[in-house]
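Per chain, numbering begins at 1; letters A, B, ... match sequence-line order.
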2 protein chains.
Amino acid sequence: MRIKDENKEYAIREKAMEMIVEHGFEGLSMQKLAKAANVSPATIYIYFKNREDLLNQLFIEVQETFSAVALEGFNAELSFETGLWLQWKNRLKFIVKYPVLYSFYEQFRNSPLVNHSDIQFSRFKAQMKTFISNAIKRGEIQKMEPEIFWSIAYGPFYSLVKFHLEEKTLMNKKFKLTEAKMQDAFNRVLKSFK
Amino acid sequence: MRIKDENKEYAIREKAMEMIVEHGFEGLSMQKLAKAANVSPATIYIYFKNREDLLNQLFIEVQETFSAVALEGFNAELSFETGLWLQWKNRLKFIVKYPVLYSFYEQFRNSPLVNHSDIQFSRFKAQMKTFISNAIKRGEIQKMEPEIFWSIAYGPFYSLVKFHLEEKTLMNKKFKLTEAKMQDAFNRVLKSFK
DNA sequence: TTTTTAAATGAACGTTCATTCATTTATATT
DNA sequence: AATATAAATGAATGAACGTTCATTTAAAAA
């Protein structure tokens with residue numbers, strides 16, 4: 001029997017993300033995607049059940065890549081300051097390394113399509129949960145609602161990233177998120193937990 | 001001559017937003033919209049040049065409503081703490097009062113369609129700029145990059161709102177953003193600026 | 001070398017899309 | 001009451017949509 005050409009699947013996945021990031025979900029038609037990936041429309045249906053399945057698989061792939069990068073060098077026993085800073089750095093690393101994946105991810109999360117299993121992702125959440133409860137035990141932070149914790153610990157970071165990815169920001173010029181600027185913001189965020 | 005029935009335009013605008021919020025931009029077809037708004041497809045083209053124009057007009061409308069609510073009772077001479085808290089409260093007011101508008105707004109902003117004039121909106125930005133430079137003059141906050149300021153001052157707020165609007169959040173149950181919870185988060189954010 | 005199997009294809013399917021157009025309807029003006 | 005004008009319409013347009021299918025192609029198994 002003939003063997004699956006994994007380059008084909010890769011091309012489909014990659015071009016699909018590019019098209020979505022550039023033109024939105026509306027901009028992804030199966031025929032245009034086939035053309036961009038140099039395959040027949042019918043070939044797409046060998047690798048994906050249908051358009052919706054393709055979108056969901058892309059989302060799951062991104063989520064898994066994201067989890068993997070975010071957890072590099074991380075463990076729940078790290079001190080609060082060290083651990084949170086590592087999280088910020090890892091997340092930035094992911095965004096810089098895979099800007100298309102991240103843009104796709106954000107667009108997907110802000111759309112009404114979110115309808116996916118998150119097996120791998122909830123393991124990631126479990127790690128974070130342990131990390132936080134450790135920090136509370138040690139008295140590094142006070143006990144608070146998880147959503148409030150999350151908003152203060154990561155809200156500023158994601159806002160900075162948004163600025164970083166925009167063409168023009170507040171002062172009509174490009175904002176580049178460096179590690180130094182991130183340090184500045186991070187030190188301020190730490191004060192919130194004192 | 002026959003007069004324009006403004007109820008028709010209102011119905012078109014309202015149903016369009018509902019459809020987008022519920023099914024994404026893909027979910028907005030002109031024929032379905034016509035049916036939902038109880039008009040003929042051709043009628044939509046009396047009020048809007050085409051589909052893209054409709055989307056842009058919706059975005060502009062939301063932006064203007066948002067600016068208006070955000071500036072209620074606000075002026076750039078308020079103390080930093082009072083002014084920023086008022087901004088948080090006004091923004092929450094908008095989101096609670098017009099959840100559909102807000103969801104549409106967020107979806108639009110996270111899509112690649114953003115291609116709009118922002119005349120009214122830049123007046124709003126000017127107000128905020130004066131407010132911040134006043135706060136610096138008075139020594140209420142230190143001088144810092146505007147994007148860093150913005151991220152710390154509003155990042156946590158928007159993160160809380162995101163949790164508020166999600167069906168299930170971190171702990172698999174609904175998170176309701178009350179003014180008390182917002183106060184808690186706000187007090188922590190203030191520490192960042194000390 | 002032949003057979004078997006699944007990958008890969010281009011053309012075609014029926015449906016839905018955004019938009020247009022000839023016609024009708026309602027109202028302000030004469 | 002008659003006229004003028006623009007709102008409002010339903011039907012029609014060709015293009016684009018997601019998906020299927022009969023056929024061809026390539027490689028593993030015999």
Inset, instruction - Using the six-membered ring wherever Trp is involved, compare the ring planes of A/Tyr102 and A/Phe94 and label them parallel, tilted or perpendicular (cut-offs 30° and 60°). - result: perpendicular
Legend entry - Base of D/dT5 paired with side chain of B/Arg2 (donor-acceptor, under 3.5 Å): no
Legend entry - Side-chain N or O of B/Ser29 closer than 4.0 Å to phosphate OP1/OP2 of C/dT16: no
Inset, instruction - Return the 5'-most residue of the pair B/Ala42, B/Ile3 with respect to DNA chain D, ranking by each residue's nearest nucleotide. - result: B/Ile3
Inset, instruction - For B/Ile46 and C/dA22, give me the distance from atom CD1 to atom P, rounded to whole Å. - result: 16 Å
Legend entry - Distance-minimising heavy-atom pair for A/Asn110 and A/Glu106: ND2-O, 2.8 Å
Legend entry - base_contact_polar (C/dA18 base, B/Gln31 side chain, donor-acceptor, <3.5 Å): yes
Legend entry - 5' priority, DNA chain C, between A/Lys4 and B/Leu28 [closest heavy atom]: A/Lys4
Inset, instruction - May I have the distance from A/Met30 (atom CE) to C/dA8 (atom P), rounded to whole angstrom? - result: 15 Å
Inset, instruction - May I have the distance from B/Glu52 (atom CD) to C/dC17 (atom P), rounded to whole angstrom? - result: 19 Å
Inset, instruction - Provide, to the nearest angstrom, the distance between the CZ atom belonging to B/Phe48 and the P atom belonging to D/dA7. - result: 14 Å
Inset, instruction - Classify the angle between the aromatic ring planes of A/Phe186 and A/Trp85 as parallel (below 30°), tilted (30 to 60°) or perpendicular (above 60°). - result: tilted
Inset, instruction - May I have the distance from A/Leu55 (atom CG) to D/dG18 (atom P), rounded to whole angstrom? - result: 10 Å
Inset, instruction - Write down the distance between OH (B/Tyr10) and C1' (D/dA7), rounded to a whole number of angstrom. - result: 21 Å
Legend entry - Gap between atoms NZ and P, on B/Lys35 and D/dA8 respectively (whole Å): 20 Å
Inset, instruction - Have a look at A/Tyr47 and say if it touches a base, only the backbone sugar-phosphate, or nothing, with a 4.0 Å heavy-atom cut-off. - result: sugar-phosphate
Inset, instruction - Please indicate whether A/Glu81 has more than 12 foreign heavy atoms, meaning atoms of other residues, nucleotides or ligands, lying under 6.0 Å from its CD. - result: no
Inset, instruction - Check whether any side-chain N or O of A/Lys32 sits under 4.0 Å from OP1 or OP2 of D/dC17, and answer yes or no. - result: yes
Inset, instruction - Look at the aromatic rings of B/Phe149 and B/Phe193 and report parallel, tilted or perpendicular, splitting at 30° and 60°. - result: tilted
Legend entry - For atom NZ of B/Lys49 and atom C1' of C/dT20, their distance in whole Å: 16 Å
Legend entry - D/dA8 OP1/OP2 closer than 4.0 Å to side-chain N/O of B/Ser40: no
